[in-house]
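Here the structure is a predicted model, which means the values were calculated and not measured.
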Amino acid sequence: MSTFDESDAFEAAASVPLSRRAMAARPAPYLDDLNPAQRQAVEALDGPVLMLAGAGTGKTKALTARIVHLLATGRARPNEILAVTFTNKAAREMKLRVGRNLGEAVEGMPWMGTFHSICVKMLRRHAELVGLKSNFTILDTDDQIRLLKQLVLAANIDEKRWPARMLAGLIDHWKNRAWTPAKVPAAEASAFNNRGTELYEQYQERLKTLNAVDFGDLLLHMVTIFQAHPDILEQYQRWLRYILVDEYQDTNVAQYLWLRLLAQGHRNICCVGDDDQSIYGWRGAEVGNILRFEKDFPGARVVRLEQNYRSTPHILAAASGVIAANAGRLGKTLWTERETGEKVRLIGHWDGEEEARWIGEEIEALQRGTRGFDPVSLDDQAILVRASHQMRAFEDRFLTIGLPYRVIGGPRFYERQEIRDAMAYFRLAVSPADDLAFERVVNTPKRGLGDKAVQSIQLAARGAGANLIDGARELLAQGGIGGKGAGQLRAFVDGVDRWHAATLAGANHIELAETILEESGYTEMWQNDKTPEAPGRLENLKELIKALEQFENLQGFLEHVALIMDNESEDVAEKVSIMTLHAAKGLEFPVVFLPGWEDGLFPSQRAMDETGLKGLEEERRLAYVGITRAERLCTISFAANRRVYGQWQSQLPSRFIDELPEDHVEVLTPPGLYGGGYGAAAQPFGGSRIEERATRADVYNSPGWKRMQDNAATRPVAQPRESRNQVIDLQAVSAFTEGDRVFHQKFGYGTIVGIEGDKLDVAFDKAGVKKLVARFVVPADRADEIPF
DNA sequence: TGGCGAAAGCTTTTT
DNA sequence: GCTTTCGCCA
């Protein structure tokens, strides 16, 4: 875990360890081992630069060399460089490498960090301009949803039909586009039962009262401030003479605006990215940002890094073959000086279990050093899947054969229930007025203070115009709460007061944290818990306490933890890595397995249904990212049968397999087996495979694609109107027969394909076949009468 | 108030 | 198929 410190960001340059002159005299060994393109990107210091860095072309190296160069030539002082990344990991890596190149630790580079951490730093200085105090708290997704749930309920909206989760997604989407409630376009007004913008506005109000922001606000508020206060913007523009942005293809509109505003001063902005690796469109990233760079910054220099240092020619050729099917690329041609090496291997299996079994054996074989390779450590082998549920098959298999593995990117440490609970206690100790924290733990462990008690507290608080803890005091004073609950509530309030006093008195925060967890009965709660995960949770709590050591006090810990706490345990034992393709971006492994290349799974049906061609192209980029992670050996596989949500389905090999260039692929599947396809006779399923290859030029000719287009044709779905007061007789199963057209609130229109007991099997036009209870659907012609 | 059974959901994920 | 969420009942 790293820290970022806000202290020295605005200090005079005098405090900066390296003076301009001292650095100007320094030799520049970091330039010597750059290739010509990298060197060009590093030395083009003035004006806008777009560094198009293909996979494995030494992007981070060039980026850090550029920073070192800026410092060494005296062009900029450390605190005049804004260097932004998306993840803390990337920021840490950059800091480390700049430090190594300078031969000393990087100090005084306050503007190197993630978009979010830099915005926090800025926002704390200007909080009052958006109605906040500088000690605002940062809510995570969980807090956000609980807050929204309250608002949805208060607005008398059926939370069943309009879940808070959906609203959270919507608001997030709007914030990613830098839309304040007032700026949400009219076209979106119908969102969330026509009340989306209204609730968005209320939510922002609530946040202000709570002196809190969510992640999206960090960017949004800064953009708002910059737009409304040119003087402040100008100050930053003057300060930040050089701007560097990593993974530019992943920026959303808000981040883009923020950068553009800041860059307007000196126009020294260098964006690094790869349009072919844009895989975060679904969370608001705009590939358009990178495609448009030259228009946004006229006179921009575009440097292409195309020499790949990672993969063998066969692997690169396979990746290039796949990505070539995408339209609207900026275009790069990766090349390498490496030896030819192995072809990409392609293998089909009967089902997912067999696939896992085969990969397990293959990994062990490689580890032993057969297969014509030197032994490959497990650390050097990875399995990259499209969706996390695919991991299970591998975990099961590896547990049986005792093959050590690690899952990258599982649930994060700070998202775990026990960690969040403990943090809520700490938050209360630091500021008892934190209502969200109060609500979270007032009845954890169980104190007999359930919904009803909380409601009375809220009522009392609202009556007194106070926060919940004072509301609780009020309630106790009035005797508005029963005997047993009263005693418990009194004890809870007293506890919070005591801990708060200890915080103010400057008590040792580590001991205090332990005391809090003891006195509140929280530790005890898990000690008494008999479920198998309880010991692990206690373990996590211990780890949390340990993490406190790196901070001076609870407050400092809490301020940073929302943004930077990650879950990197340094393992000593050799292990295979299992992760999603998304999590694999930026990583590399000598040996990579890419299982589950089946239409519908990869490319994901949902991606194609929801965003059509755009979605398909993003999936293809994901395939490209996957293949390019491999250094020496890349194995793609698919299964003929797979259990999807408990149901067996026969699968078609991914259309991306058709796009792999034949000359660079070795087909391991015996001909005629499981549609090993690809030149081999593909009988068991899809005898059409061969014809398909004949028309391969048209990559959108596969069954899935056709399916998608059919779906698009039947897209319009009537928005059912609210009819909560209407009495509608519930449909009995007997009211339906096979072949009937029906409507379901969530899944839209469909056709009944089977009736089983009181359940209907409905083939929905868009959502596939579902089994559901009859009363959840109505005949299609009565779609607007759906009763809930 | 909290426990239990039924019902519905289920890509990707950082901060 | 497995997990989470909700509503009802004791």
Side-chain angles (χ1 to χ4, degrees), chain A residues 4 84-91 113-120 138-141 144 149 159-160 163-165 169 172 175-176 213-219 247 250-252 254-255 279-285 384-393 396 408-412 414-415 443 446-454 482 484-485 560-567 579-586 596 600-611 615 618-619 621-622 625-626 642-648 744-747 758-759 767-768 770-773 775-776:
Chain A
F4 67 74
V84 226
T85 64
F86 274 85
T87 64
N88 290 301
K89 198 173 153 208
T114 63
F115 277 99
H116 295 268
S117 70
I118 290 170
C119 282
V120 172
I138 302 164
L139 302 190
D140 54 38
T141 329
Q144 201 184 342
K149 202 174 250 174
E159 218 256 321
K160 259 294 194 20
R165 208 159 267 291
D172 200 52
K175 288 185 176 177
N176 284 340
V213 299
D214 61 24
F215 288 123
D217 279 337
L218 293 172
L219 263 301
E247 307 279 18
D250 289 339
T251 50
N252 61 34
Q255 287 156 340
I279 55 174
Y280 285 109
W282 51 272
R283 68 174 196 212
L384 313 182
V385 297
R386 174 62 183 85
S388 40
H389 61 76
Q390 290 172 261
M391 295 180 182
R392 196 188 202 108
D396 285 351
I408 312 264
R412 332 204 111 250
Y414 67 87
E415 277 167 7
N443 199 31
K446 300 267 185 291
R447 296 187 174 91
L449 300 166
D451 282 351
K452 227 171 134 206
V454 172
K484 210 167 126 206
H560 297 135
V561 84
L563 287 180
I564 59 156
M565 192 124 165
D566 43 30
N567 190 14
M579 68 190 90
T580 62
L581 287 160
H582 283 92
K585 193 167 92 164
L601 210 166
F602 187 42
S604 133
Q605 190 59 51
R606 193 160 153 188
M608 294 186 292
D609 286 348
E610 280 173 11
T611 40
E618 184 155 309
E619 296 287 297
R621 290 192 291 267
L622 209 43
V625 167
R642 196 175 288 278
R643 210 161 35 190
V644 182
Y645 302 138
Q647 298 220 302
W648 281 101
H744 181 275
Q745 166 58 28
K746 179 82 201 252
F747 303 124
D758 63 337
K759 304 267 181 65
K770 308 271 176 189
K771 194 182 276 297
L772 7 90
V773 182
R775 62 185 174 84
F776 287 109

task = Kindly point out which of B/dT15, C/dT3, B/dT13 is positioned nearest to the side chain of A/His582?
result = B/dT13

inquiry  = As a test of reading the structure: which of C/dC6, B/dT12, B/dT15 is closest to the side chain of A/His116, going by heavy atoms?
reply    = B/dT15

request  = Return the value, rounded to whole Å, for the distance between atom CG of A/Leu601 and atom C1' of B/dC10.
outcome  = 12 Å

ask   = Atom OG1 of A/Thr87 and atom NZ of A/Lys585: how far apart are they, to the nearest 0.5 Å?
value = 9.5 Å

query = Quick check: does any side chain N or O of A/Asn176 sit under 3.5 Å from a backbone N or O of A/Arg283, one acting as donor and the other as acceptor?
reply = yes

inquiry  = Within the 4.5 Å heavy-atom criterion, are A/Thr611 and A/Trp282 side-chain neighbours or not?
reply    = no

query = Does OP1 or OP2 of B/dT15 have a side-chain N or O of A/Ser117 closer than 4.0 Å?
reply = no

ask   = Atom NE2 of A/His389 to atom C1' of B/dT13: distance rounded to whole Å?
value = 15 Å

key: Inter-nucleotide C1' distance (C/dT3, B/dT14), Å rounded   = 24 Å

inquiry  = How many whole angstroms separate atom CD of A/Gln144 from atom P of B/dT13?
reply    = 18 Å

ask   = Using centres under 5.5 Å plus planes under 30 degrees as the test, is A/Tyr280 stacked with B/dT13?
value = no

key: From A/Glu619, A/Arg386, A/Glu618, residue fulfilling side chain to side chain contact (heavy atoms under 4.5 Å, CB included) relative to A/Pro603   = A/Glu619

ask   = Of the nucleotides C/dT5, B/dC10, B/dT15, which one has an atom closest to the side chain of A/Thr114?
value = B/dT15

task = Could you grab the distance from atom CG of A/Asp217 to atom NZ of A/Lys175, nearest 0.5 Å is fine?
result = 3.0 Å

key: Identity of whatever pairs with B/dT12 - Watson-Crick or G-U, under 3.5 angstrom   = none

key: C1'-based separation of C/dT5 from B/dT12 [nearest Å]   = 23 Å

A/Lys175 NZ - B/dT15 C1' separation (whole Å) = 13 Å

ask   = For the residue pair A/Ala91 and A/Gly113, what are the closest heavy atoms and their distance?
value = CB-CA, 4.0 Å

query = To the nearest angstrom, how far is A/Leu139 atom CG from B/dT15 atom P?
reply = 17 Å

message = Heavy atoms from C-beta onward define the side chain here; which of B/dT12, B/dT15, C/dG1 lies closest to that of A/Ser388?
response = B/dT12

ask   = Closest to the A/Thr580 side chain: C/dC2, C/dT5, B/dT13?
value = B/dT13

query = Which part of the nucleic acid does A/Thr87 contact within heavy-atom distance under 4.0 Å: base, sugar-phosphate only, or nothing?
reply = sugar-phosphate

request  = Please give the nucleotide sitting opposite C/dT5 as a Watson-Crick or G-U wobble pair, both distances under 3.5 Å, or none.
outcome  = B/dA6

ask   = How many Å lie between CD1 on A/Ile279 and P on B/dT14, as a whole number?
value = 11 Å

request  = Classify the ring geometry between A/Tyr645 and A/His389 as parallel (under 30°), tilted (30 to 60°) or perpendicular (over 60°).
outcome  = tilted

ask   = Could you state the CZ-C1' distance from A/Phe115 to B/dT13, rounded to the nearest angstrom?
value = 16 Å

key: Under-4.0 Å side-chain N/O to phosphate OP1/OP2 contact, A/Asn88 with B/dT14   = no

key: Per A/Arg283 side chain, nearest of listed nucleotides C/dT5, B/dT13, C/dC2   = B/dT13

key: Contact under 4.0 Å: A/Thr141 side-chain N or O vs B/dT15 OP1/OP2   = no

message = Under 4.0 Å, heavy atoms only, any strand: does A/Gln255 hit a base, just the sugar-phosphate, or nothing?
response = nothing

At a cut-off of 3.5 Å, list every protein nitrogen or oxygen paired with a nitrogen or oxygen from nucleotides 1-4 of chain B, distance to 0.1 Å.
unit_1, atom_1, unit_2, atom_2, d
B/dT1, OP1, A/Gly450, N, 2.7
B/dT1, OP2, A/Asp451, N, 3.4
B/dT1, OP2, A/Lys452, N, 2.9

note = note: A/Met391, atom CE; C/dG1, atom C1'; distance rounded to Å ~ 18 Å

task = Look at the aromatic rings of A/His582 and A/Tyr280 and report parallel, tilted or perpendicular, splitting at 30° and 60°.
result = tilted

request  = Between A/Phe86 and A/Ser604, just flag the one whose closest nucleotide in DNA chain B comes earlier from the 5' side.
outcome  = A/Ser604

request  = List the atom of A/Cys119, the atom of A/Leu219, and the distance in Å for their closest heavy-atom pair.
outcome  = SG-CD1, 3.8 Å

